[in-house]
S.K.: 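First the structure, which I've put down as structure tokens, then a few questions once you've had a look.
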Amino acid sequence: MLAREVKILFRKELGQLLRNKGAMLTALFLPLLLMLIIPLAQVLAVNPDHPKELPIPPDVSLPPGLAEVGKDPLATVRLLLTPLISMGGLLTPALTASYIFISERESRTLELLVALPVRVGQILQAKLLAILALSAPVCLGLFAIVGGLMLSRGLGSPGYVVAMFIMVAASLAFSSSTALFVSLLARDIRTASNLNGLVLSPFLLGSFIVMAVVPGTTLASAVIAGGYLLGTAVVLLLALRVVTFERMLR
Amino acid sequence: MADPAVPPLEVTHVIKDYPGNVRALDRVSFRIASGERACLLGPNGAGKTTLIRLLTGALSPSYGQVRLFGLGMESESFLQARRRVGIVPQLPGMYRDLSVSDYLQLVKDLYGRGDIAEVVEVFGLGPYTRRPMAELSGGTQRRLSLAAALLGSPEVLLLDEPTVGLDPVSMRDVHAFLRRIMPGRTVLLCTHNLAEAEALCESAIILQQGRVVLHERISALRQRAPALLSIRAAQGPERLLAALAELGTPGRQEEEAVLVPTPEPTTQAPELLRRLLAAGVDVYECRVVTPSLEQLFLDIIGAADARA
């Protein structure tokens, strides 16, 4: 159960986020593009009854993750969608977090908050929850539309859609914890954006590599989800133990 | 029920280190008794704001204990103690997307009590309740900070440079509010304005380079410091200083006058004047000067520097 102070601060944070046009644009536009419009275009472009086979020469040896494409032409859609959708889950909270963490530090309003009867950890907890409260319904909701359409058109198994759903949730958790970590290090939004790119890029690239290396898109999605959850634990540990919240006040 | 023997503010052997081997506070210890109005003085970088942040629980000490009403920040009941403390932070930013009334409501919710209408009236915030905080003038922002600090009817006030950056009129208004709200409360006022400290507080804690060099009642400080004779001579302060040196009497030039420590001015001043006149120094002004807190502070800081 959430502490009383966290609930009060969460209401304040969410209210401010919803009133912030820049934050709302980031929270809605990016996932709309990455997790709905582009995936929908790909899903609707494929004819599941007469899928177009890829002309792969028989003597070409594909990595295990791409081998599925030779057997099932519809796998191409899954191979492209998986990293794209994980990208939406990674980027949305990270960008929204800049407004909620860094702007408070830049504008020195954090001084007002720490003068109130709350712990610094509660302030950060409320901010993290506000980020998730905004980005999770948007990202998971948009994916639910795409996932449902994929199921109805036979482009993915129920196991694949569930694995993807878990991957999106894990990417949100990872991105939010990374946003907290970056906000402890960066003093301004520009530095935060650069650091976000530095931290998230390897994972974005990694998701493509996993898709190529791990056989089966369902298993690959699960591996990516596992990687994000492990990353969440590591980043939170670094933020709490190594960097600590005191940096926010310097 | 609060234990009256427990001091509201207590700092015990606190060391605070920042990364890069920066020691902000070095074995600081003091306690502020209930009802005491203390000022925290020190040059820039002495550790005053770090101390205030430790008292609020925003920072934790590297070593030692900081307690509010006997409770450390690791205690589960620490927030209960925090709700008995009102804090005016130093030059905080103001929200662009929260109105004055939104912010006071947030403060009231966190303290769990408070009459917003009353503080709005007391601090003259009525015309501004719907305005975003960032659009207020500096003086009004400071009144808002004071209103927020008082909303929860705290027993303790921590004021970190409450008048810094204000014009004289706003400063006078804030001082008037402080004089009304401070009696009956335990106060720790962090300030550079020594006249303000002298007017509002009864005891002084002087910090220098992270250490407490003095914690004493201001009245006792004055009694320790000898009265000064301010002497002016027609030949100028340099000639006067030279004459005093010949008489074996130390003095310090201050603009066109020379200040001479004189523990017993009633008996010592006439004798000194006779000797100066006999030496050919044309003294035309001689008066007893009570050292100001600023002068006491500079003397103490200077002495601490010399010892270091």
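Numbered from 1 within each chain, the chains take letters A, B, ... in sequence-line order. Heavy-atom basis, side chains included; hydrogens, waters and symmetry copies ignored. Just so it is clear, the structure is predicted and the values come from calculations on it, not from any experiment.
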S.K.: Examine whether an atom of B/Gln90 lies under 4.5 Å from a heavy atom of chain A, and if so say whether it belongs to the side chain, the backbone or both; otherwise answer neither.
M.R.: backbone
S.K.: Quick one: which of B/Ile52, B/Thr50, B/Leu51, B/Thr49 gives a side-chain contact (heavy atoms from CB on, under 4.5 Å) with B/Leu59?
M.R.: B/Thr50
S.K.: Mind checking whether A/Phe174 and A/Tyr228 have parallel, tilted or perpendicular rings, split at 30° and 60°?
M.R.: parallel
S.K.: Relative to chain A, which of B/Thr56, B/Asp97, B/Asp102 shows the most heavy atom pairs under 4.5 Å?
M.R.: B/Asp97
S.K.: Could you check which of B/Asp109, B/Leu110, B/Leu158, B/Asp160 has the highest count of heavy-atom pairs closer than 4.5 Å to chain A?
M.R.: B/Leu110
S.K.: If you measure from the Lys or Arg side-chain nitrogens to the Asp or Glu carboxylate oxygens, is any gap between A/Glu5 and B/Arg82 under 4.0 Å?
M.R.: no
S.K.: Given the options A/Arg4, A/Glu106, A/Arg11, which has more heavy-atom pairs under 4.5 Å with chain B than any of the others?
M.R.: A/Arg4
S.K.: With a 4.5 angstrom heavy-atom cut-off, is it the side chain or the backbone of A/Arg119 that approaches chain B, or both, or neither?
M.R.: both
S.K.: State which residue, out of B/Thr191, B/Asn193, B/Leu91, fulfils the side-chain contact (heavy atoms from CB on, under 4.5 Å) condition with B/Val164.
M.R.: B/Leu91
S.K.: Could you tell me whether the side chain of A/Lys127 and the main chain of A/Ile100 form a donor-acceptor pair under 3.5 Å?
M.R.: yes
S.K.: Tell me, side chain or backbone of A/Glu104 under 4.5 Å from chain B's heavy atoms, or both, or neither?
M.R.: side chain
